[in-house]
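Note that the numbering runs from 1 along the sequence shown for the chain.
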Amino acid sequence: MFKCINRSAQFTTYIQSAGGRFCFNQDFRLVSSSPLRMTDPAVNRVVSDIIRSPEDKRVYRGLEFTNGLKAMLISDPTTDKSSAALDVQIGSLSDPANISGLAHFCEHMLFLGTKKYPKENEYSQFLSEHAGSSNAFTSGEHTNYYFDVSHEHLQGALDRFAQFFLCPLFDESCKDREVNAVDSEHEKNLMNDAWRLFQLEKATGNPNHPFSKFGTGNKLTLETRPSKDGIDIRQELLKFHSTYYSSNLMGLCVLGRESLDELTSMVVKLFGEVENKNVPVPEFPEHPFQEEHLRQFYKVVPIKDIRNLYVTFPIPDLQKYYKSNPGHYLGHLIGHEGPGSLLSELKSKGWVNTLVGGQKEGARGFMFFIINVDLTEEGLLHVEDIIFHMFQYIQKLRTEGPQEWVFEECKDLNKVGLQVQGQGATPWLHFQSGWFITLLPS
């Protein structure tokens, strides 16, 4: 599954008009004044002081393996389902220029047999026989695999799962069928407004920037064109996996009924042998939208009966400022819904129904800030007026400058959100595994 995974603190959106690393309300943070010692040579660091909601009764442990892999273990004696996710910090932006969709195709092929479990449906069959399920997604700079299973069978599921990153087969006999599966996924996206807008965004920036790549892939890019050019797609898959699937780019989350020590023993045994190829994290320091790509206005005829205005600004990568979270500060003000807000003014004129604003991930090196509104029929006649009001409000914020009380309000709201957050059924492990790579740097 390929995702146009534009995440923000308040919304998901897709399109660029006139001119997400990952913005989130941090559910936990890692604190370790002095790393704990562990006798297993596969473990380099243990983090046990993990701040969580008082309502969350689970216990947590962070691990950094000597091979660079980072893991979050969660022990919950009451869970009915165990689950795990592994994130590889490589996605479609790292596709070869001549093979669009290779990272996504690699994601599909990993499910279809390994040296230890060569039967192509062994993993999915084991999960389905034990009340489990699995999925995966590829985004611009992440490929993420996850599953859940009846709590008694975590060990067996995790063993089959780990082989994806140790000894996949990329069986030639499965190749054609999976190319067709990827192609079907792309065909389905063609009639989806969000995907169409996402591709428009990619097509209106710098065509030489990796952001412009066609990340999903289809039969043309993964079979027809490579065959014509004499490219063996299976060999390219092997090369891609061998080059980029390195333990130092991996983040793992595992939840089970087992104790933290039992979970530690389990993951160390299975993932401690993943090879560290010391692959540098891909960075994209140049923004795909430069001066010549801004101040553009695009009109799109939608598939569904929708009326939306999307305004996107290119901004620098704010990830290093995650503690102060300036993008969230600005999104809090622009997306505010109270009296005197931008939304209240636009609604009073009968032009919009809703408004969301906030930072959106791009990749390591660049981000976006977006303001999206759901237009009324009357609002369609006043698009330029709405944009004018947006810029008026932005100018007002710029003139008044940062306000400490607003920052404190954002901080207090997030703190309250953490305190009242319960443990729920199962954490979003597939997201946490990606966050963990950032939250516990080498």
*Asks:* For Trp195 together with His186, are the ring centres under 6.0 Å from each other?
*Replies:* no
*Asks:* Identify the two heavy atoms, one from Pro207 and one from Ser212, that lie closest to each other, and give their separation to 0.1 Å.
*Replies:* O-OG, 3.0 Å
*Asks:* May I ask you to decide if the ring planes of Phe198 and Phe211 are parallel, tilted or perpendicular, using 30° and 60° as cut-offs?
*Replies:* perpendicular
*Asks:* Please answer whether the main-chain N or O of Ala103 pairs with a side-chain N or O of Asp95 as donor and acceptor at a distance below 3.5 Å.
*Replies:* yes
*Asks:* Once rounded to the nearest 0.5 Å, what's the spacing between atom CG of Leu222 and atom NZ of Lys219?
*Replies:* 11.0 Å
*Asks:* Which heavy atom in His328 sits nearest to a heavy atom in Asn414, and how many Å separate them?
*Replies:* NE2-ND2, 3.9 Å
*Asks:* Determine whether a donor-acceptor pair (N or O, by modelled atom type, separation under 3.5 Å) exists between the side chain of Asn67 and the backbone of Phe271.
*Replies:* yes
*Asks:* Quick one: pull up CZ in Arg160 and CZ in Phe147 and give me the separation to the nearest 0.5 Å.
*Replies:* 10.5 Å
*Asks:* Quick one: does Glu55's side chain have a donor or acceptor within less than 3.5 Å of a partner on Arg52's backbone?
*Replies:* no
*Asks:* Centre-to-centre under 6.0 Å for Phe105 and Phe240, is that the case here?
*Replies:* no
*Asks:* Does Thr243 reach the side chain of Val279, with side-chain heavy atoms less than 4.5 Å apart?
*Replies:* no
*Asks:* For Lys277 versus Tyr245, what's the shortest heavy-atom pair and its separation?
*Replies:* NZ-O, 3.1 Å
*Asks:* By salt bridge (Lys or Arg N to Asp or Glu O under 4.0 Å), which residues pair with Arg225, not counting sequence neighbours?
*Replies:* none
*Asks:* Check whether the ring centres of Phe368 and His287 lie less than 6.0 Å apart, and answer yes or no.
*Replies:* yes
*Asks:* For Glu236, enumerate each residue passing the side-chain contact (heavy atoms from CB on, under 4.5 Å) test, keeping only those at least two apart in sequence or located in another chain.
*Replies:* Ile99, Leu102, Ile231, Lys239
*Asks:* Using 0.5 Å steps for rounding, measure from the CD atom of Glu400 to the CD atom of Gln395.
*Replies:* 10.5 Å
*Asks:* Could you tell me the separation between the OG1 atom of Thr143 and the CE atom of Met250, rounded to the nearest 0.5 Å?
*Replies:* 10.0 Å
*Asks:* Run the ring-centre check on Phe313 versus Phe391 and record whether the distance is less than 6.0 Å.
*Replies:* yes
*Asks:* Between Asp148 and Lys81, is the salt bridge (charged side-chain N to carboxylate O under 4.0 Å, His left out) condition met? List the steps.
*Replies:* CA-CA 6 Å; Asp148 61 59; Lys81 288 283 190 78; 3.4 Å; yes
*Asks:* Verify whether the ring centers belonging to Tyr123 and Phe164 lie closer than 6.0 Å.
*Replies:* yes
*Asks:* Measure across Glu141 and Arg364 and return the closest heavy-atom pair with its distance rounded to 0.1 Å.
*Replies:* OE1-N, 3.0 Å
*Asks:* Please give me the minimum heavy-atom distance between Thr114 and Gln163, naming the atom from each residue.
*Replies:* OG1-CB, 3.4 Å
*Asks:* Verify whether the ring centers belonging to Phe366 and His209 lie closer than 6.0 Å.
*Replies:* yes
*Asks:* If you take all heavy atoms of Leu263 and Leu73, which pair is closest and at what distance?
*Replies:* C-CD1, 3.9 Å
*Asks:* Roughly how far, to the nearest 0.5 Å, is the CG atom of Asn144 from the CZ atom of Phe137?
*Replies:* 4.0 Å
*Asks:* Would you confirm whether Ser92, through its side chain, and Gly215, through its main-chain N or O, come within 3.5 Å as a donor-acceptor pair?
*Replies:* no
*Asks:* Looking at residues at least two apart in the chain, or sitting in another chain, which of them share a salt bridge (Lys or Arg N to Asp or Glu O under 4.0 Å) with Glu292?
*Replies:* none
*Asks:* Would you call Arg295 and Glu291 a salt bridge, using N to O less than 4.0 angstrom?
*Replies:* yes
*Asks:* Taking side chain as C-beta onward, heavy atoms only, is His241 less than 4.5 Å from Pro168?
*Replies:* yes
*Asks:* Say you draw a straight line from OG of Ser341 to CG of Leu346; how long is it, rounded to the nearest 0.5 Å?
*Replies:* 8.5 Å
